[in-house]
Amino acid sequence: MALQLARGAVTAHGTIGPMSDESSPRPAYDSAFLRACRREPVPHTPVWFMRQAGRALPEYRKLREGTAMLDSCMRPDMVTEITLQPVRRLGVDAAIFFSDIVVPLKAIGVDLDIVPGVGPVVAEPFRTARDLDRLPVLTPEHVPYITEAVRALVGELGATPLIGFAGAPFTLASYLVEGGPSRNHARTKALMYGEPELWSQLLDRLADITLAFLRVQIDAGASAVQLFDSWVGALPAQDYRAFVQPHSARVLAGVGDVPRIHFGVGTGELLHDMGAAGADVVGVDWRVPLDEAVRRIGPGKALQGNLDPTLVFAPDDVVRRKVHEVLVAGKAAEGHVFNLGHGVLPETDPDVLARIVDLVHAGV
Ligand code: CP3
């Protein structure tokens with residue numbers, strides 16, 4: 001453990017320069033993943049999968065037996081093992097920290113749970129100014145298990161980068177205001193359009209929490225971060241710019257010492273503005289081909305994506321053709337990190353994911 005902690009300390013802020021000081025190399029700095037994020041030449045296109053740690057893996061299901069999702073997120077031994085499982089099995093170029101976007105809210109005392117097959121459910125939804133009092137500032141003392149798990153992981157991972165992550169203010173607000181998953185985010189939008197002042201205060205609080213949660217992960221050694229704004233595709237671009245972008249931009253500006261990936265689903269109309277919020281890498285879902293995404297986003301960004309997650313159920317030759325199409329379209333980008341257009345579906349055969357990794361690495 002002592003060794004792992006020491007290595008975690010060395011690799012904290014591991015991407016500012018190739019060396020953290022005169023003598024200690026940063027093992028992940030020259031990885032294909034971080035190079036692609038920085039839009040530098042790569043030996044092969046790097047690949048990882050959103051939700052690569054999870055129910056698609058039998059070893060995950062076994063380890064999680066009898067432990068509730070949020071409890072597992074607070075146990076550094078489980079977090080470390082679950083994060084490493086897909087790296088071992090699939091040969092991906094990066095690990096993503098095993099946690100959930102609602103963990104920081106739980107940590108500051110919001111009464112919520114993750115219900116299997118449903119998602120996050122909040123006991124008392126947020127609707128009025130008084131509810132702001134239930135969102136105190138997050139400090140590292142709220143999440144010691146995060147610091148411990150990231151440090152242990154960075155030691156275990158060596159040259160494989162660890163991606164930290166958090167939920168963006170809009171997506172977190174959606175869970176808090178709706179009280180759970182929502183198809184059309186009606187109450188969230190009603191608050192946004194109807195009480196813009198309260199909305200702004202709510203997103204401001206959430207931006208503070210998100211930023212603090214990402215800083216804990218970076219300070220413990222995460223070498224990139226992904227800000228998930230999964231549900232922001234519900235907004236038109238004009239309203240995204242007015243009601244959401246300034247808050248996401250403040251979060252992204254606060255973590256500028258590592259590459260920042262910004263992702264949402266159904267965000268074809270928002271890609272430019274999400275890049276302009278301060279991302280180094282814009283995550284694209286499967287609806288917009290990457291060469292078209294480059295046109296929408298403009299220069300100076302790397303792209304991440306965007307194989308349709310359902311394609312893993314197609315015949316092998318179709319998988320191969322579609323991986324090829326994504327790789328070809330990705331060449332239009334200044335940097336390309338291969339990924340799915342959204343998370344791995346629980347029914348996915350992990351062998352197909354491993355095959356995709358091989359195809360991407362071979363440059364098929
Ligand atoms: O990507 C990874 O491998 C890291 C782990 C990760 C989880 N959640 C673990 C998890 C990440 C990055 C997340 C982020 C997350 N959580 C997002 C943004 C990503 C996205 O999918 O858009 C969102 C919207 C959530 C909220 C959430 N938590 C949902 C919708 C669910 C699924 C509910 C269900 O059971 O279908 C969760 C629970 C959750 N988070 C699981 C995992 C592995 C499943 C819980 C289980 O295994 O019992």
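Note that ligands are numbered from 1 as they come in the structure, with each ligand's atoms numbered from 1 the same way.
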Ring-plane angle category for F243 and Y193, please: parallel below 30°, perpendicular beyond 60°, tilted otherwise.
perpendicular
Heavy-atom pair of closest approach, residues P104 and I209:
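For P104 and I209, the tightest heavy-atom pair comes out as CB-CG2, 3.9 Å.
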As an exercise, identify every atom of ligand 1 less than 4.0 angstrom from a heavy atom of [X].
X    : value
Q52  : 1 (O), 2 (C), 3 (O)
G119 : 33 (C)
H342 : 20 (C), 21 (O), 22 (O)
F97  : 4 (C)
Y60  : 43 (C), 46 (C), 47 (O)
I96  : 1 (O), 2 (C), 3 (O), 4 (C)
F228 : 12 (C), 18 (C), 19 (C)
Y175 : 24 (C), 26 (C), 30 (C)

For the aromatic rings, using the six-membered ring if either is Trp, is the centroid distance between Y60 and F98 under 6.0 Å?
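Y60 vs F98: aromatic centres under 6.0 Å.
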Aromatic ring proximity F228/F165, centre distance under 6.0 Å:
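Aromatic pair counts; centres sit under 6.0 Å.
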Report the part of [X] (side chain from C-beta onward, or backbone N, CA, C, O) that has a heavy atom under 4.0 Å from ligand 1; answer both or neither where that applies.
X    : value
P116 : backbone
F49  : neither
R51  : both
Q226 : neither
P181 : neither

Taking [atom] as the reference point, the nearest protein heavy atom with its distance:
atom                    : answer
atom 7 (C) of ligand 1  : S99 O, 3.1 Å
atom 3 (O) of ligand 1  : A53 N, 2.9 Å
atom 11 (C) of ligand 1 : F165 CZ, 3.5 Å
atom 38 (C) of ligand 1 : I114 CG2, 3.5 Å
atom 22 (O) of ligand 1 : S230 OG, 2.4 Å
atom 45 (C) of ligand 1 : M69 SD, 3.6 Å
atom 23 (C) of ligand 1 : I101 CD1, 3.5 Å
atom 36 (O) of ligand 1 : R55 NH2, 3.0 Å

Take atom CZ in R320; do more than 12 heavy atoms of anything else shown fall under 6.0 Å from it?
no
Answer yes or no for R38 and F33: cation-pi contact, defined as NZ/CZ to six-membered ring centre under 6.0 Å and angle to ring axis within 45°.
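Output no; distance or angle outside limits.
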If I apply the N/O under 3.5 Å rule, does D100 come out as touching ligand 1?
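Looking only at distances, the answer is yes, because the N/O contact criterion of under 3.5 Å is met.
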Is there a polar contact, in the sense of an N or O pair closer than 3.5 Å, between G117 and ligand 1?
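By distance alone, the answer is yes.
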Between ligand 1 and F263, can you find any atom pair, the residue atom being a heavy atom, that is separated by under 4.0 Å?
no
Looking only at heavy atoms of P120, does any of them come nearer than 4.0 Å to an atom of ligand 1?
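P120: in contact with ligand 1 (<4.0 Å).
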In sequence, state the C-alpha distance, the side-chain angles, and the governing distance for D349 and R355, and then conclude on salt bridge (Lys or Arg N to Asp or Glu O under 4.0 Å).
CA-CA 10 Å; D349 176 355; R355 162 117 173 105; over 6 Å; no
Would you call [X] and [Y] a salt bridge, taking side-chain N to carboxylate O under 4.0 Å as the test?
X    : Y    : result
E65  : K62  : no
R35  : D30  : yes
R250 : D204 : yes
D71  : K106 : no
E347 : R55  : no

Between [X] and [Y], is any side-chain donor less than 3.5 angstrom from a side-chain acceptor?
X    : Y    : result
Q52  : Q85  : no
T80  : E156 : no
S174 : H185 : yes

Quick test of your reading of the structure: of M50, R61, R64, whose heavy atom lies closest to atom 46 (C) of ligand 1?
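Looking at heavy atoms only, the winner is R64.
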